Amino acid sequence: MSRATQFAAAARREILTRPVLSLVQSALPALSATENEAIDAGNTWWDAALFTGNPDWEQLLAVPPATLTEEECAFMDGPVDTLCAMIDDWRMTWETRDLPPEAWDFLKREKFFGIIIPKEHGGLGFSNFAHSEIVRKIASRSVSTAVTTMVPNSLGPGELILRFGTPEQQEYWLPRLADGREVPAFGLTSPEAGSDAASMIDEGVVCRGEWNGEEVIGIRLNWHKRYITLGPVATILGLAFKLHDPDRLLGGTDDIGITVALVPTDLPGVTIGRRHVPSMQTFQNGPNEGHDVFIPLDNVIGGPDRVGQGWKMLMSALAAGRGISLPSLSAAAAAFAAHTTGAYARVRSQFNLPIGKFEGIQERLARIAGNAYLLDGARRLTCAGLDQGNHPAVISSILKLHATERMRVVINDAMDVHGGKAIIEGPRNYLGSQYRAIPVGITVEGANILTRSLMVFGQGAIRSHPYLLEEIRAVGETDRSRALASFDRVLWKHVGHALKTAIRAFVRNWSGGMFAPAPKAGKATRYYRQMSRYAAAFAFVSDIAFLTLGGELKRRELLSARLGDVLSELYLLSGALKRWEDEGRQDDDLPLLAWCMESGFATIEQRFAEIIANFPARPVGWMLRLFIQPFGRRRNGPSDRVIRQCADIILEPCPARDRLVENVYIGGADEAVGRLTEAFRQTVATQPVHDRLRKARVRDLDKAHGQGLITDEELESLRAADAAVAEVIAVDDFAADELGPTSPESTASRIPAPAE
């Protein structure tokens, strides 16, 4: 660097950068230690590309599709199907309140609890996508069984030991977890700390104690946890607590921080509480407590070197629960709803017409089908990223939030279409358990309200923005000269980026996306142009929000939530586009892709309009309108034609329907979904005969047969189809003694007395 260049740089730092640094220091709050750990956990991936405002679509399309190996396919067709056949969800819910013993034994024997554990440690060593597919198929049979399967493979001791454990811990614990000798649970949530897990009061104190007859340095634990899945049957707890070292036995400070350790449940002082019943789901869940429980320091996951690193470890590990398990449950619910609701709307008639032909019903069917396509595309894309070695925390939050919210929409739509059929409980009701499970997915692993308002954009902006995190950390430097140098280096890169983003946003939105970049993607190319347009607008609005609001943006939760919604839609739509590409650009699927894109674009424009209307500095809001919505909100969602096309896909057997409901468990001919599937097949097969009779204006089958309008074989087929449909639309009823005691005395005896 020449002397003149050095002088110019020094002058810029003093004259321009230093005042900006002072301004930013007063506006931006310093990151807490907990926030720093959360930000450092995991990495960024496609979310960072979206934050640039100019994503490289070729990079997205180059991601290898998520696929199953032959071994994984065989497991799906073998043990997974066998497990599903063992499950009777109605009996589990209303009689046994648990999986049958043979299912528990089968889960352990076939290593369902070791899906992600490598083969060298006794597990199956399957991919993240296989993990997701297994959970998805089981969930289409039983949510409780899927939860029982997924928990040991997501946030829990197994994943934490696999990623952070010492070689000794991995060698001892992983084989025992894989074959079911140990049943794991993870203790994070406590009565005092729900969404704000960092405020937990569960405590461990470093001290000396006896372990296996020897005096060792260890930890004395006291805790109270609740909502712990598999807690009532766990043999080993992964416990999160705040660790203190008042006697400085570890040589550091007193307040060490959140730590995670392995606690066998048979230790003195451990109390396993009575069971919770989450929304009538039968997976094992309950509280537990510990009073003066002593463990050696070696029980800390990762050993003594990992004390105080629990929060970072947890944030890293959450990618599995948020990015795989809950989205798999949601995708299963959507595909299951598409199969059952499409079939039911086809076989159920009113006014001598299948109810699926009514446009009001078709609107719901299209929403079910479109969301099923969208969710599975996003799920597959996320699994592909995870299988590449990414741990994208922001994307995992997006997927958990929006997958479970769309699950709620889809199942509610399915319930509405089924009407009374879905609200009468009994073995014939295949939707009731899915409906009751909705609040579980919405609530667990980060409540959706806070995830939307605080995490998606709040953490996403810091993690995924090209320059913001560097600026924040430069501002937080204690050495002022180093802070100025670091801030100067990144500030002007950010300025250049912001100017380019502003130009992109202006040109792309004024031109309606005409000049926005897009790959050669056939009939989907136009959608990529709009995605590039909205990505530029999102990046521009984000930069303006940072510039004008600074640290205040953290407290503007409604504004942050809307920006997060835009980012989320961009990611989910990326998954839909990637799915269409990976599946060979199927023309039959274009209505589903169109529904996804038009619905997403309408949401994006609505959120931008809300941001503009509510931006705290009104002149800034007017400027944003000029740049990103010069002609107002123009997108209104899918057209009526697209809605009808999407509904038709799940109303009739076709390749597009098969792709949409792939790997949904059907069950036997004597089971509710199996009977529905067969009635659907028979109804479609006999439709030409019905059309012929309708044209002849003859409704009585015997009369039609007598007149020679139908053959003996056709008459038999029509009667069989009618009987199958009658069986499908029937609902359960019970004798009074089947429902338990009904006398006033017995009812009163079941009502708890008020506390004194």
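In what follows, residues are counted from 1 in the order of the sequence shown. These figures come from a predicted structure and were not determined experimentally.
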His339 ring center near Tyr344 ring center (under 6.0 Å): no
Electrostatic pair Arg367:Glu363 at N-O distance under 4.0 angstrom: no
In this structure, CG of Leu50 is separated from OG1 of Thr44 (nearest 0.5 Å) by 11.0 Å
Can we say Glu610 and Arg607 salt-bridge, meaning some charged N sits less than 4.0 Å from an Asp/Glu carboxylate O? yes
Tightest non-hydrogen contact, residues Ala518 and Thr525, listed as CB-O, 3.7 Å
Exercise: do Asp565 and Thr603 side chains pair donor with acceptor under 3.5 Å | no
| query | How about Met280 and Val277: do any of their side-chain heavy atoms sit closer than 4.5 Å? | reply | yes
If the plane angle is over 60° it's perpendicular, under 30° parallel, otherwise tilted; pick one for Phe538 and Phe51. perpendicular
Correct closest heavy-atom pair for Ala505 and Phe540 would be CB-CB, 3.8 Å
Review point. Taking 4.0 angstrom as the limit, do Glu405 and Arg408 come out as a salt bridge?
Key: yes
Quiz item: How about Phe336 and Tyr665: are their ring centres within less than 6.0 Å of each other?
Solution: no
**Message:** Within the 4.5 Å heavy-atom criterion, are Leu558 and Asn614 side-chain neighbours or not?
**Reply:** no
Distance col, row Ser127:OG vs Leu386:CG, nearest 0.5 angstrom, shows 10.0 Å
List the steps and the verdict of side chain to side chain contact (heavy atoms under 4.5 Å, CB included) for Ser542 and Phe546.
CA-CA 6 Å; Ser542 298; Phe546 301 145; 4.1 Å; yes
Practice prompt. Check the pair Asp416, Ile361 against side chain to side chain contact (heavy atoms under 4.5 Å, CB included), reporting the backbone distance first and the verdict last.
Written response: CA-CA 9 Å; Asp416 287 350; Ile361 300 292; over 6 Å; no
- Query: Would Leu572 and His402 count as a side chain to side chain contact (heavy atoms under 4.5 Å, CB included) if you check the C-alpha gap in whole Å, the side-chain angles of each, and the deciding distance to 0.1 Å?
  - Reply: CA-CA 9 Å; Leu572 295 172; His402 288 278; 3.8 Å; yes
**Report entry** Leu563/Val541 under side chain to side chain contact (heavy atoms under 4.5 Å, CB included): CA gap, chis, key distance, verdict
**Finding:** CA-CA 8 Å; Leu563 285 165; Val541 174; 3.6 Å; yes
The complete set of side-chain hydrogen bond (donor to acceptor under 3.5 Å, both in side chains) pairs with one or both residues in residues 377-387, sequence neighbours excluded, reads Asn128-Asp387, Ser132-Arg379, Glu133-Arg379, Asp376-Arg379, Asp376-Arg380, Arg380-Glu583, Thr382-Tyr571
Looking only at side chains, do Arg136 and Asn663 share a donor and an acceptor under 3.5 Å apart?
no
Applying side-chain contact (heavy atoms from CB on, under 4.5 Å) to Ala539 and not counting sequence neighbours gives Thr501
Value for OG (Ser599) from CZ (Arg635), rounded to nearest 0.5 Å, stands at 11.5 Å
May I ask you to check whether Phe126 and His131 place their ring centres under 6.0 Å from each other? no
- Query: Under a 4.5 Å cut-off applied to non-hydrogen side-chain atoms, are Asn448 and Lys400 in contact?
  - Reply: yes
- Query: Heavy atoms, side chains only, cut-off 4.5 Å: are Ser560 and Leu454 in contact?
  - Reply: no
>> With a 4.5 Å cut-off on side-chain heavy atoms, are Gln362 and Glu359 touching?
In response: yes
* **Carboxylate-amine/guanidinium proximity below 4.0 Å for Glu605 and Arg633** => no
query = Between Ser639 and Glu598, is any side-chain donor less than 3.5 angstrom from a side-chain acceptor?
reply = no
Requested in this report: Kindly say whether Ala403 contributes a backbone atom to a donor-acceptor pair with the side chain of Ser330 at under 3.5 angstrom?
Outcome: yes
dist Ser328:OG -> Met150:CE (nearest 0.5 Å) comes out at 8.5 Å
Residue set satisfying side-chain hydrogen bond (donor to acceptor under 3.5 Å, both in side chains) with Thr229, at least two apart, ordered chain then number -> Asn285
**Asked** Do His465 and Asp543 get their side chains close enough for a donor-acceptor pair, meaning under 3.5 Å?
**Response** yes
The reported gap from CG in Leu553 to OG1 in Thr548 (rounded to nearest 0.5 angstrom) is 8.0 Å
For Leu381 and Trp45 the tightest heavy-atom approach is O-CH2, 3.4 Å
For the residue pair Trp57 / Ser574, report whether a side-chain donor-acceptor contact shorter than 3.5 Å exists.
no
Heavy-atom nearest pair, Ile649 first then Cys654, reads O-SG, 3.5 Å
Side-chain contact, heavy-atom cut-off 4.5 Å: Pro152 with Leu230? yes
Looking at Arg579 and Asp589, is there a salt bridge between them, counting it only when a charged N and a carboxylate O are closer than 4.0 Å? no
